[in-house]
Amino acid sequence: MRRLWPLTGRGTGALVLAVGCLIAAGELGLVELLYFGVLLLAVLAAAILSLFLTRRTGAVERTMTPESVGVGETAVVTARVTVRTAVPTPPGTWRDGLPAGLAGEAAGAFPPLASGLRGSQRVIERSYTVTGVSRGVHAIGPFDLTTTDPFGLARRRTVRTEPTQITVTPAVVDLPGLPDAAGASGGSRLTVDLHLGQGADNLVARPYQSGDSMRRIHWRATAHRDELMVRQEEQESTPEATVVLDLGALRWSPEAMAAPGADDAFETGVSTCVSVVARLVRDGYSVDVVDSDGETLADRIDASEMVEVDALITRFATLLARPDDHLPRLAPVFTGGMSGPVVLIVGRLDPTDIASIAPIAHHSTLPMVLAVTPRADALTAAEDAGWHAAAIPVGGDPAAAWADVGRRLAGDRVG
């Protein structure tokens, strides 16, 4: 794709002057004007040929470091432009097309090139910084390269339309840890040693085998047996938590079903969800992420597995709301027995909704509800039903609501 008119403003003026000289030469009979007009046309032709016959632009490849960028975070995009030229070329300018989901200054000077043997292929790298603006998968491009001749008479604009898909993930906020409260938080891995009697001296020891950790050597039994002995196998139980993100569009807006980033309230909810998951996994919980009807949104994330958290964050880059209202279906998911912490993230929350989720509070060691657009008295009703409730303003920081719940938990523990 190239611009149809190849001349700059200066070149267009030179063309008008050349034509005027030719016309005046015919009318006035001045040979000098004829020579001058022909000379200007020859210079313009040489300028155009110098651009369109010397440089050929090939494919454009882009890479981004890191491979995805979160909302509000920055990354570096490197465009690798393939160029072939047999003669020296003057400098130019370049510009890369940025979608609405990314912000940055993707433009600059393109360097001049020396002559290459038989038009050999060379790769020019141009880098720029982008900032994630809205969640989703966005396309960067086209790449626009404009070159002028040394006299500034002609220009060549080459546009490479190959797009590059860039993933913008939801913003992850670093949430503070919650205080221990009746075994509800703290999140450290719980280790239970198997005893056959009372006290550490009654631990069963067995001979050391290849692959056993040296930290598990039972030194007293080793001294008694005169051979390496290790403690009996330990059993570990990891606390579990469930994060519920209500995807029902009636809790957000119809725009939340259209495209990522279309509903600010839903974006706040998604950001809160991934931030809570990251906090709980970092604290040692195995976390399930489900919709308000119990549908699994991601495979269980094991404690301290931050790589799995990163995969969840990338997956949620394209998450959309679903039709209907699913919140009334949530309670049966937790009525089978006692569960660990349950964090419910919802958009609109009415006082009439509390009755449907009230049973969950009696089946969870730490029931929490974080509402983005709660109605009047909804949070008070949730607190009366046994939930720890807090509101998050649209576009606000979920850390404030999370910390508020933490302060109240700490107060309850002291009380």
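Donor-acceptor pairing under 3.5 Å is recorded for the side chains of Trp5 and Thr12. Judged purely by distance below 3.5 Å, without hydrogens or angles, the side chains of Thr78 and Ser127 pair a donor atom with an acceptor atom.
Between Leu349 and Ile354, the closest side-chain pair of non-hydrogen atoms falls below 4.5 Å. Looking at His326 and Glu295, their side chains never come closer than 4.5 Å, going by heavy atoms from C-beta outward. When side chains are defined from C-beta on, Ser339 does not count as touching Glu240, because their heavy atoms never get closer than 4.5 Å. Using a 4.5 Å heavy-atom cutoff, the side chains of Ser304 and Arg282 are not in contact. You'll find the side chain of Glu255 stays beyond 4.5 Å of the side chain of Phe266, heavy atoms only. Counting heavy atoms from C-beta outward, Thr169 and Val274 have side chains that stay 4.5 Å or more apart. Side chains of Phe316 and Val277 form no contact here, defined as non-hydrogen atoms less than 4.5 Å apart. Contact annotation: the side chain of Val71 never approaches that of Ser134 to less than 4.5 Å [non-hydrogen atoms, C-beta and beyond].
A salt bridge is absent between Asp96 and Arg126: the closest approach of a Lys/Arg side-chain nitrogen to an acidic carboxylate oxygen does not fall below 4.0 angstrom.
Note: Ile392 CD1 to Asp404 CG = 11.0 Å, rounded to the nearest 0.5 Å. Annotation: the span from Arg122 atom CZ to Ile124 atom CD1 amounts to 7.0 Å, rounded to 0.5 Å. With rounding to the nearest 0.5 Å, the separation of CG in Leu280 from CG in Leu175 is 8.5 Å. To the nearest 0.5 angstrom, Arg322 atom CZ is 14.0 Å from Arg251 atom CZ. To the nearest 0.5 angstrom, Leu44 atom CG is 11.5 Å from Arg10 atom CZ. The CG atom of Leu327 lies 10.5 Å from the CG atom of Asp293; values are rounded to the nearest 0.5 Å.
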side-chain contact (heavy atoms from CB on, under 4.5 Å) assessment of Val133 paired with Val168: CA-CA 8 Å; Val133 175; Val168 179; over 6 Å; no
CA sep, side-chain torsions, deciding dist, call: Val81, Trp94, side-chain contact (heavy atoms from CB on, under 4.5 Å): CA-CA 10 Å; Val81 186; Trp94 64 272; over 6 Å; no
Test salt bridge (charged side-chain N to carboxylate O under 4.0 Å, His left out) applied to Arg348 and Asp350, step by step: CA-CA 7 Å; Arg348 193 193 77 247; Asp350 299 326; 3.3 Å; yes
side-chain contact (heavy atoms from CB on, under 4.5 Å) assessment of Leu320 paired with Thr318: CA-CA 6 Å; Leu320 298 176; Thr318 56; over 6 Å; no
Check against side-chain contact (heavy atoms from CB on, under 4.5 Å), Thr93 and Arg155: CA-CA 11 Å; Thr93 60; Arg155 65 181 164 214; over 6 Å; no
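Between the Asp149 side chain and the Ala154 main chain, a donor and an acceptor come within less than 3.5 Å of each other. The backbone N or O of Thr131 sits nowhere less than 3.5 Å from a side-chain atom of Thr74 that would complete a donor-acceptor pair. Using modelled atom types, one side-chain atom of Thr222 and one backbone atom of Met229 make a donor-acceptor pair closer than 3.5 Å. Using modelled atom types, no side-chain atom of Glu162 and backbone atom of Ala59 make a donor-acceptor pair closer than 3.5 Å. The backbone N or O of Asp246 lies less than 3.5 Å from a partner atom in the side chain of Trp252, making a donor-acceptor pair. The closest donor-acceptor contact from the side chain of Glu383 to the backbone of Ala389 lies under 3.5 Å. Looking only at distances, no side-chain donor or acceptor of Glu61 sits under 3.5 Å from a matching main-chain atom of Arg80. Using a distance-only test at 3.5 Å, with no hydrogens or angles considered, no donor-acceptor pair links the side chain of Arg135 to the main chain of Ser271. The backbone N or O of Gly340 sits less than 3.5 Å from a side-chain atom of Ser364, completing a donor-acceptor pair.
In terms of heavy atoms, Leu98 sits closest to Leu102 at CB-O, 4.3 Å. Across Trp387 and Val369, no two heavy atoms sit closer than the pair CE3-N, 3.8 Å. The minimum heavy-atom distance between Met64 and Thr167, with the atom names listed, is CE-O, 4.5 Å. Annotation for Ala139 and Gln165: closest pair CB-NE2, 3.8 Å, computed over non-hydrogen atoms. In terms of heavy-atom proximity, Ile345 sits nearest to Cys273 at CD1-CA, 3.3 Å. Between Ala390 and Arg408, the closest heavy-atom pair is CB-NH2, 3.9 Å.
Atom CZ of Arg300 is surrounded by more than 12 heavy atoms from other residues, nucleotides or ligands within 6.0 Å. Sparse packing is recorded around CZ of Phe151, with 12 or fewer heavy atoms of other residues, nucleotides or ligands lying under 6.0 Å away. The 12-atom threshold is not exceeded at CD of Glu67, counting heavy atoms of other residues, nucleotides or ligands nearer than 6.0 Å. Annotation: Arg95, atom CZ; neighbour count of heavy atoms from other residues, nucleotides and ligands within 6.0 Å does not exceed 12. In Asp384, the CG atom is crowded: over 12 heavy atoms of neighbouring residues, nucleotides or ligands sit closer than 6.0 Å.
Considering Val276, Leu297, Asp291, Val290 as possible partners of Leu245, the one that fulfils the side-chain contact (heavy atoms from CB on, under 4.5 Å) test is Leu297. Screening Leu370, Val343, Val372 for a side-chain contact (heavy atoms from CB on, under 4.5 Å) involving Thr272 leaves a single residue, Leu370. Partner of Leu40 under the side-chain contact (heavy atoms from CB on, under 4.5 Å) criterion, out of Val19, Leu22, Leu17: Leu17 alone.
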